Number of protein chains: 2
Amino acid sequence: MPDWEDLRHFAAFAREGTLSAAARALGVDHATVARRIVALEASTGLKLVDRRARTTTLTDDGRRIATAAAPMEEAAFAVGRAARAAQPGVDGEVTISAPPTFASAVIAPRLIQLRQRHPGIRIKLIGEKRRASLSRREADVALRLLRPVESGLFVRRLGSFGFSLYATPAYLKDTPPHAFAFIGYDATMADSPQEVWLRTIVGDREVVLRTNDLETQIAAARSGLGIAALPHYLGDGDACLQRHAVTQRPIRRDVWLLVHRDLRQVPAVRAVMTFLGECMNGG
Amino acid sequence: MPDWEDLRHFAAFAREGTLSAAARALGVDHATVARRIVALEASTGLKLVDRRARTTTLTDDGRRIATAAAPMEEAAFAVGRAARAAQPGVDGEVTISAPPTFASAVIAPRLIQLRQRHPGIRIKLIGEKRRASLSRREADVALRLLRPVESGLFVRRLGSFGFSLYATPAYLKDTPPHAFAFIGYDATMADSPQEVWLRTIVGDREVVLRTNDLETQIAAARSGLGIAALPHYLGDGDACLQRHAVTQRPIRRDVWLLVHRDLRQVPAVRAVMTFLGECMNGG
DNA sequence: TCTTCCATGTGAGATTTTGCACAATGCCCG
DNA sequence: CGGGCATTGTGCAAAATCTCACATGGAAGA
């Protein structure tokens, strides 16, 4: 029977692709990963990786073993969730993953309420576009704008938010509508509902800035560069910006709350779920 | 994420029940198992075992974690099988589990043939009544007298063997049939087909020795104590014993060959399977 | 072509882990 | 009730492992 730590390091290597990346993911030195793989090769009697100068790649046997080891990682995460689920009380750390602006504009300002209600809860708030994997426990709770299809997850629709056009009052006052300049997403977000909606408004007018970062759009709009389509939770709270009404049908996007089934009943996680619901609807 | 070696030690403890038994199963010192469990408790923040004087028992949380860890063991064995299956060539060690007398009387004498055909194969032959677990890789190939129901196994009927009554020629010559004394299994084997068959023959005559060990039955029969029901592969090869014909319908038992699906295509395992088939039928 | 960056190999010292020996404790059995 | 017997706890020395630091060797970009 191989050493399970060897398997853990090897599985990380197989997933990450390089010794260094695996070492970073595991929080150890790359030399450790390399030596663990050597040990696994010795104990299995198989050559698992090709060591070429500067690159280390899986052999066919390595791929086979990695495939067999993947369920172990799966099971290890299940153990982690079971351990988390067994924690008594509402104390503990809960990791929330949410879209960046949602995290900073909606969740973060209200965290003080959660803290007052449950002093024992420590929050780790990750604003990221890349979707955190709940089954890998990169996050305990996640907010997403698309209903996910992964299995093993509990999904609830928390509510929705709308978009409007925003610019500085001065810009809207001085610029005739036919001369409006717009600020929008770049190609990577071309299919997002708000971008499609914006296109119907823009027509053949000019888009002077395309960026994938919403904060950048806000900064540009604030400076008087043009008009941006922003979610209400961002635009309405910004003293420098003012809504501009349009005749097009307004657009809304749903917010989905995700939590792994195994963690759904954990008191601290439930408290966070309640809190996030209030962020959307109540306070 | 907990240390996987901690999980391995804890899973072994949960399965074996005591630190010492787990240590034996893992081939390490009991202190190591104890310390690993302490480490796992620290990393999960849960009390996994109750340390009472002289006994260590799982807590409820411990049982939960052990349940979650069981699939990891399963996956680890799958990795072991994958490693075994990837071994090239017919070389390597193959472990055979078989009923004790079958191992010594049928398989062992013919192993020389296998060895001549495939010099690279090393055989580990385990004669044991307790059924070795193929999915735990306690054996690669097993012979059993009952068709198993476990999933994941490849099963083939190899053949069958018959039973007859045996005693010393002198005993059969000097003893009138109504005075025959019999040698049989004890209560633990009372339900075996050959024991049921023997009972129909014994009638109200005497059973002078009951034992669960077939070798003991042979030794007793050889000494002239009485008549035993023995498989032909044992009785016919014994110069001291002679068959005694009966009118009852003769009994046969099937021999099943078991191998894990993952190992079925391994050259060394295939060679052993072929060899075992020849043991039953051919040579 | 040269530079810079990143991935990997290697050795030494420090840390961690392990095995061993011994002690203590409670259970089984006569 | 008392003597084995097996299990568990503990301290220490040995062994194994990890990190750190440095060297190497390509690949991407200027």
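Note that this is a predicted model, so its numbers are computed, not measured.
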Peer 1: Is a donor on one side and an acceptor on the other found under 3.5 Å between the side chain of A/E138 and the backbone of A/A132?
Peer 2: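 No, because the side chain of A/E138 does not come within donor-acceptor range (under 3.5 Å) of the backbone of A/A132.
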Peer 1: Consider only side-chain N and O atoms of B/T211 and B/D213, and report whether a donor and an acceptor are under 3.5 Å apart.
Peer 2: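 Distance-only check fails for B/T211 and B/D213.
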Peer 1: Look at A/R15 together with A/E74 and state whether they make a salt bridge at an N to O cut-off of under 4.0 Å.
Peer 2: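 So A/R15 does not pair with A/E74 through a salt bridge.
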Peer 1: Please check if the side chain of B/T44 supplies one atom and the backbone of B/L40 the other of a donor-acceptor pair under 3.5 Å.
Peer 2: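 Yes; judged by distance alone, with no hydrogens or angles, the pair exists.
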Peer 1: Output one letter per nucleotide in nucleotides 17-23 of chain D: B when a protein non-hydrogen atom lies under 4.0 Å from the base, S when only the sugar-phosphate is that close, - when neither is.
Peer 2: SSBB---
Peer 1: Output yes when A/R137 and A/E73 qualify as a salt bridge under the 4.0 Å nitrogen-oxygen rule, no when they do not.
Peer 2: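 Salt bridge: no.
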Peer 1: Contacts to DNA chain D from residues 37-52 of chain A, heavy-atom cutoff under 4.0 Å, which residues?
Peer 2: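 Residues of residues 37-52 of chain A under 4.0 Å from DNA chain D: none.
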Peer 1: Among A/R51, A/R36, A/R35, whose salt bridge (charged side-chain N to carboxylate O under 4.0 Å, His left out) with A/E41 holds?
Peer 2: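 Among the candidates, only A/R51 passes.
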Peer 1: Name the pairs: protein N/O against N/O of nucleotides 4-6 of chain C, kept only if under 3.5 Å.
Peer 2:
from, atom 1, to, atom 2, distance (Å)
C/dC6, O2, A/R54, NH1, 2.9

Peer 1: Could you measure the distance from the CG atom of B/D3 to the CG atom of B/L7? Nearest 0.5 Å is fine.
Peer 2: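 Reported to 0.5 Å precision, the distance equals 7.5 Å.
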Peer 1: Can you see if the side chain of B/T55 gets near the phosphate of D/dT7 - specifically, an N or O under 4.0 Å from OP1 or OP2?
Peer 2: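 So the side-chain polar atoms of B/T55 never come under 4.0 Å of the phosphate oxygens OP1 or OP2 of D/dT7.
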Peer 1: Return the minimal non-hydrogen interatomic distance between A/I183 and A/L198, and the atom names on each side.
Peer 2: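 Closest approach of A/I183 to A/L198: O-CD2, 3.6 Å.
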Peer 1: Could you check if a side-chain atom of A/D140 sits within less than 4.5 angstrom of a side-chain atom of A/K124, using non-hydrogen atoms only?
Peer 2: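 No, their side chains stay 4.5 Å or more apart.
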Peer 1: Between B/R8 (CZ) and C/dT17 (P), how many Å, whole number?
Peer 2: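 Checked: the CZ to P distance equals 15 Å.
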Peer 1: Under a 4.0 Å threshold between the charged nitrogen and the carboxylate oxygen, would B/R210 count as salt-bridged to B/E195?
Peer 2: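 Between B/R210 and B/E195 there is a salt bridge, with a charged N closer than 4.0 Å to a carboxylate O.
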